[in-house]
Trainee: 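Attaching a single structure in structure tokens format; questions to follow.
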Amino acid sequence: QVQLVESGGGLVQAGGSLRLSCAASGRTFSSYAMGWFRQAPGKEREFVAGISWSGGNTYYADTVKGRFTISIDNAKNTVYLQMNSLKPDDTAVYHCAADDGTPRNRVLTTVRQYRYWGQGTQVTVSS
């Protein structure tokens, strides 16, 4: 079992930046594949970025590629999402997700692949 708590959301103008953090507690964090998803009002939860538990592989949704960066600090049990050049379409609740039992270099990209979820942090981008 792992518990996930997101932080770092807020209100930012278009073109600005935010860094989200997801702190994990529980079992050995370093063996969990991690991901970020987002959900806007009236829309389904969508994949944003993922990282393998080895930290060696990452994958991004086309909508954020080149603007967002996912990274992991196993010593701090924390995964980050650096978001640059934010757009109003990035407005959503951002959720951190984790799952264990995956190959060390595999990135998980769908909601159903993740077992553990945080409560989310709101990101609002004004135009």
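In what follows, residues are counted from 1 in the order of the sequence shown.
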Trainee: Minimum heavy-atom separation for L4 and A24, please, with both atom names.
Mentor: CD2-CB, 3.7 Å
Trainee: Which heavy atom of A40 sits nearest a heavy atom of A92, and at what distance?
Mentor: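 That closest heavy-atom pairing would be N-CB, 3.8 Å.
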Trainee: Enumerate the residue pairs fulfilling salt bridge (charged side-chain N to carboxylate O under 4.0 Å, His left out) with a member in residues 41-50, sequence neighbours excluded, ordered by first and then second residue.
Mentor: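 Every pair satisfying salt bridge (charged side-chain N to carboxylate O under 4.0 Å, His left out) with a residue in residues 41-50: R38-E46.
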Trainee: Of the non-hydrogen atoms in A49 and L81, which two are nearest, and what is the gap between them?
Mentor: CB-CD1, 4.1 Å
Trainee: Identify whether V12 and Y94 are in the same connected component of the hydrophobic contact network (ILVMFWY, side-chain heavy atoms under 4.5 Å).
Mentor: yes
Trainee: Determine the minimum heavy-atom distance between M34 and C96, stating which atoms define it.
Mentor: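 Closest heavy-atom pair between M34 and C96: CE-SG, 3.6 Å.
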Trainee: Under the 3.5 angstrom rule, does the side chain of Y60 hit a backbone N or O of I70 as a donor-acceptor pair?
Mentor: yes
Trainee: Flag the pair L108 / T102 as yes when at least one side-chain heavy-atom distance between them is below 4.5 Å, and no otherwise.
Mentor: yes
Trainee: Identify the two heavy atoms, one from V48 and one from F68, that lie closest to each other, and give their separation to 0.1 Å.
Mentor: CG1-CD2, 3.7 Å
Trainee: If I compare all heavy atoms of V111 with all of W117, which pair ends up nearest, and what's the gap?
Mentor: O-CZ2, 3.5 Å
Trainee: Partners of R19 by salt bridge (charged side-chain N to carboxylate O under 4.0 Å, His left out), sequence neighbours excluded?
Mentor: none
Trainee: Determine, stepwise, if the pair K87 / D90 fulfils salt bridge (charged side-chain N to carboxylate O under 4.0 Å, His left out).
Mentor: CA-CA 5 Å; K87 306 175 181 179; D90 295 319; over 6 Å; no
Trainee: Could you name each residue pair satisfying salt bridge (charged side-chain N to carboxylate O under 4.0 Å, His left out) that touches residues 3-17, not counting sequence neighbours?
Mentor: none
